[in-house]
Amino acid sequence: MPAAPLDLDQLQTFITIADMGSFTRAAEEVHRTQSAVSMQMRRLEERVGKPLFEKDGRTNRLTENGERLLAYARRLIRLNRETLAAFDDASLEGHIRIGTPDDYADRFLPEIMARFLRSNPRVELSVVCEPTANLVEQIKRGQLDIALITHDDARGSEVVRREPLLWVGSMNHEVHQEDVLPLALGRPSCLWRRTACDVLDQMNRDYRIIFTSWSATVIMAAVLSGLAVSVLPECALRPGMRILGESDGFGALPDCRIGILRGHSSQPHIVDALARHISESLDNISVVPPATEESGAHFDFAGVAYGRGKRLRPSQMLPGW
């Protein structure tokens with residue numbers, strides 16, 4: 001006989017426990033008693049045939065199987081919401097203007113927009129790709145409803161994702177060994193540019209900026225052609241790049257923080273729904289390391305799309321161009 005389907009109500013409670021970090025707080029969130037929540041989890045464990053929680057002192061934490069189930073549970077709950085929204089005559093409707101730099105747009109927007117529009121087919125999205133500084137100004141002028149930007153404490157955005165900021169060069173060139181380091185960076189207002197220059201100044205490393213552009217495509221082209229070194233967040237790495245670390249003579253960089261900045265929209269309910277969707281999506285998108293040069297394998301584009309793998313490491317190669 002075919003296996004009985006999983007109970008979505010149990011899965012929602014399971015997700016809430018994982019997010020809240022506590023059976024007690026989760027019980028309050030789902031409006032159930034703690035004993036009822038515990039019973040749900042026992043039944044869910046019986047259903048999957050694996051322990052999902054283990055004791056860690058006085059708290060419960062997810063087992064390895066629990067972590068595996070969590071990813072599936074989030075996808076099932078999202079699909080359930082999308083299905084219901086497709087038949088909801090009172091679903092969100094309107095036009096929202098969203099902005100983001102092109103390095104984030106290339107990696108994150110396709111999945112974010114596809115999922116959001118499946119759940120809200122009556123919402124029209126207009127996308128603007130510009131540097132963070134420009135997007136902040138457009139938010140202030142009322143030209144955008146929401147923006148996904150590089151977080152700076154002074155900008156007041158809501159941090160929804162952290163990624164390593166990395167020194168990168170070409171795997172086919174040794175430009176990073178030049179006495180005067182050539183750099184390809186954003187405009188002077190770019191946070192990553194200021195960070196990179198501060199680290200090099202602290203190291204007393206000579207450098208010159210030979211390419212300046214707000215376009216991630218231009219910066220990447222300069223790196224891949226072996227003309228310059230740059231700094232990029234993990235999500236912006238491309239085949240043919242090499243990650244440069246301390247063994248290559250480069251100091252550590254702070255994490256890149258990605259944030260949501262909201263404008264004064266006439267449709268705040270749609271902005272809130274989109275912001276919540278972006279936050280949930282970015283929490284579930286992982287950046288995956290491609291194979292190392294020694295392995296002879298190809299860059300795992302599918303892995304990048306679906307979040308398989310481990311963290312990248314310094315001196316790792318990204319085979320490609």
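Sequence positions, counted from 1, serve as the residue numbers for this chain.
- The pair Asp152-Arg257 fails the salt-bridge criterion, with no side-chain N (NZ, NE, NH1 or NH2) lying under 4.0 Å from an Asp/Glu carboxylate O.
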Only distances under 3.5 Å count here; give the side-chain donor-acceptor pairs of residues 194-204 to other protein atoms, sequence neighbours excluded, each with its distance to 0.1 Å.
unit_1	atom_1	unit_2	atom_2	d
Arg194	NH1	Ser189	O	2.8
Thr195	OG1	Leu191	O	2.9
Asp201	OD1	Tyr207	OH	3.2

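- The two residues Thr150 and Thr132 make their nearest non-hydrogen contact at N-OG1, 3.1 Å.
- The closest side-chain donor-acceptor pair between Thr212 and Arg193 falls under 3.5 angstrom.
- Salt bridge annotation for Arg42-Glu46: absent, with no cationic side-chain nitrogen under 4.0 angstrom from a carboxylate oxygen.
- Crowding of His269 atom NE2: a count of heavy atoms from other residues, nucleotides or ligands under 6.0 Å exceeding 12.
- Note on Val30: it clusters hydrophobically with Leu52, by side-chain heavy-atom contacts below 4.5 Å among ILVMFWY residues.
- Separating the CG atom in Leu261 from the CD atom in Gln138 is a distance of 11.5 Å, to the nearest 0.5 Å.
- Asp7 contributes a side-chain N or O that, together with a main-chain N or O of Asp9, makes up a donor-acceptor pair within less than 3.5 Å.
- Put simply, the side chain of His277 gets close to the backbone of Ile112: a donor and an acceptor are under 3.5 Å apart.
- In summary, Arg161 and Glu163 engage in a salt bridge, as defined by a charged side-chain N under 4.0 Å from a carboxylate O.
- Note that CG of Leu148 and CZ of Phe108 are 7.5 Å apart. Values are rounded to the nearest 0.5 Å.
- Between the side chain of His151 and the backbone N or O of Ile258 there is no donor-acceptor pair closer than 3.5 Å.
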Exercise for the section: Start with the C-alpha gap between Asp103 and Arg238, add the side-chain angles, then the distance that decides, and say whether salt bridge (Lys or Arg N to Asp or Glu O under 4.0 Å) holds. Expected result: CA-CA 11 Å; Asp103 35 16; Arg238 293 295 180 269; over 6 Å; no
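- The shortest side-chain heavy-atom distance between Glu111 and Ser281 does not fall under the 4.5 Å cut-off.
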Practice task
Carefully, step by step, assess Ile146 and Ile139 under the rule side chain to side chain contact (heavy atoms under 4.5 Å, CB included).
Solution key: CA-CA 7 Å; Ile146 187 171; Ile139 285 282; 5.5 Å; no
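- Between Tyr104 and Trp192, the ring planes are perpendicular. Angles over 60° get that label, and only those under 30° would be called parallel.
- Closest of all the heavy-atom pairs between Leu11 and Leu76 is CD1-CD1, 3.6 Å.
- Taking hydrophobic clusters as Ile, Leu, Val, Met, Phe, Trp and Tyr residues chained together by side-chain heavy-atom distances below 4.5 Å, Val37 shares a cluster with Val48.
- One hydrophobic cluster holds both Ile209 and Leu181 under the rule that ILVMFWY side chains link at heavy-atom gaps under 4.5 Å.
- Residues Leu232 and Leu165 are not in side-chain contact: their nearest non-hydrogen atoms beyond the backbone lie 4.5 Å or more apart.
- Between His176 and Phe250, the ring planes are tilted. Angles from 30° to 60° get that label.
- Listed by chain and residue number, Val180 satisfy the side-chain contact (heavy atoms from CB on, under 4.5 Å) test with Asp206 (two or more places apart in sequence, or in another chain).
- In this structure the side chain of Val231 never reaches within 4.5 angstrom of the side chain of Val168, judged on heavy atoms.
- Closest approach of Phe14 and Gly66 over heavy atoms only: CZ-O, 3.3 Å.
- Under the 4.5 Å side-chain criterion, counting only non-hydrogen atoms from C-beta, Ile278 is not in contact with Phe116.
- Summarising the geometry of Ile210 relative to Ala228, their closest heavy-atom pair is CD1-CB, 4.1 Å, with the distance given to 0.1 Å.
- Every residue was checked against the side-chain hydrogen bond (donor to acceptor under 3.5 Å, both in side chains) condition with Glu67, not counting sequence neighbours, and none meets it.
- With hydrophobic clusters built from ILVMFWY side chains whose heavy atoms lie under 4.5 angstrom apart, Leu227 does not share a cluster with Leu185.
- Remark: the Glu28 side chain and the Gln34 side chain contain no N/O donor-acceptor pair separated by less than 3.5 Å.
- Remark: Arg205 CZ is packed, more than 12 non-hydrogen atoms of other residues, nucleotides or ligands lying under 6.0 Å away.
- Residues passing the side-chain contact (heavy atoms from CB on, under 4.5 Å) test with Ser265 are Ile96, Asp145, Gln267, Val271, sequence neighbours excluded.
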Exercise for the section: List the steps and the verdict of side chain to side chain contact (heavy atoms under 4.5 Å, CB included) for Arg242 and His173. Expected result: CA-CA 9 Å; Arg242 174 184 177 181; His173 304 83; over 6 Å; no
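- Atom CZ of residue Arg75 and atom CG of residue Leu70 lie 11.5 Å apart, to the nearest 0.5 angstrom.
- In this structure, Asp19 pairs ionically with Arg74, as a charged nitrogen and a carboxylate oxygen lie closer than 4.0 Å.
- Looking at every heavy atom in both residues, Asp102 comes nearest to Trp214 through OD1-O, 4.1 Å.
- Within the 4.5 Å cutoff, no side-chain heavy atoms of Ile98 are placed close to those of Leu144.
- In terms of the side-chain contact (heavy atoms from CB on, under 4.5 Å) criterion, residue partners of Arg68 (sequence neighbours excluded) are, by chain and number, Asn65.
- Screening residues 267-276 for salt bridge (charged side-chain N to carboxylate O under 4.0 Å, His left out), with sequence neighbours left out, gives Arg262-Asp272.
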Exercise for the section: Run the numbers on Leu166 and Leu253 for side chain to side chain contact (heavy atoms under 4.5 Å, CB included), then give the verdict. Expected result: CA-CA 7 Å; Leu166 303 166; Leu253 296 163; 5.7 Å; no
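- There is a side-chain donor-acceptor pair under 3.5 Å between Ser35 and Thr33.
- For the residue pair Leu224 and Ser170, the shortest heavy atom distance occurs at O-OG, 3.6 Å.
- Taken from CZ in Arg118 to CE in Met113, the straight-line distance is 12.0 Å, to the nearest 0.5 Å.
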Practice task
Apply side chain to side chain contact (heavy atoms under 4.5 Å, CB included) to the pair Gln177 and Asp248, showing each step before the final yes or no.
Solution key: CA-CA 8 Å; Gln177 296 183 357; Asp248 302 297; over 6 Å; no
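- You'll find the side chain of Leu135 reaches within 4.5 Å of the side chain of Pro101, heavy atoms only.
- Heavy-atom contacts from other residues, nucleotides or ligands closer than 6.0 Å to CD of Gln143 number more than 12.
- Thr100 places none of its side-chain heavy atoms less than 4.5 Å from the side chain of Ile149.
- The cluster map of Ile, Leu, Val, Met, Phe, Trp and Tyr, joined by side-chain heavy atoms under 4.5 Å apart, puts Ile270 and Val127 in the same cluster.
- Under 3.5 Å, the side chains of Glu29 and Thr16 contain no donor-acceptor pair of N or O atoms.
- Counting only heavy atoms from C-beta outward, the side chains of Ile243 and Met171 never approach each other to under 4.5 Å.
- Between Glu54 and Arg61, at least one side-chain N (NZ, or NE/NH1/NH2) sits under 4.0 Å from a carboxylate O, which counts as a salt bridge.
- Summarising the geometry, atom CE belonging to Met20 is positioned 13.5 Å from atom CD1 belonging to Ile15; distances are rounded to the nearest 0.5 Å.
- Within the model, atoms CZ of Phe211 and OG of Ser230 stand 11.5 Å from one another, a figure rounded to the nearest 0.5 Å.
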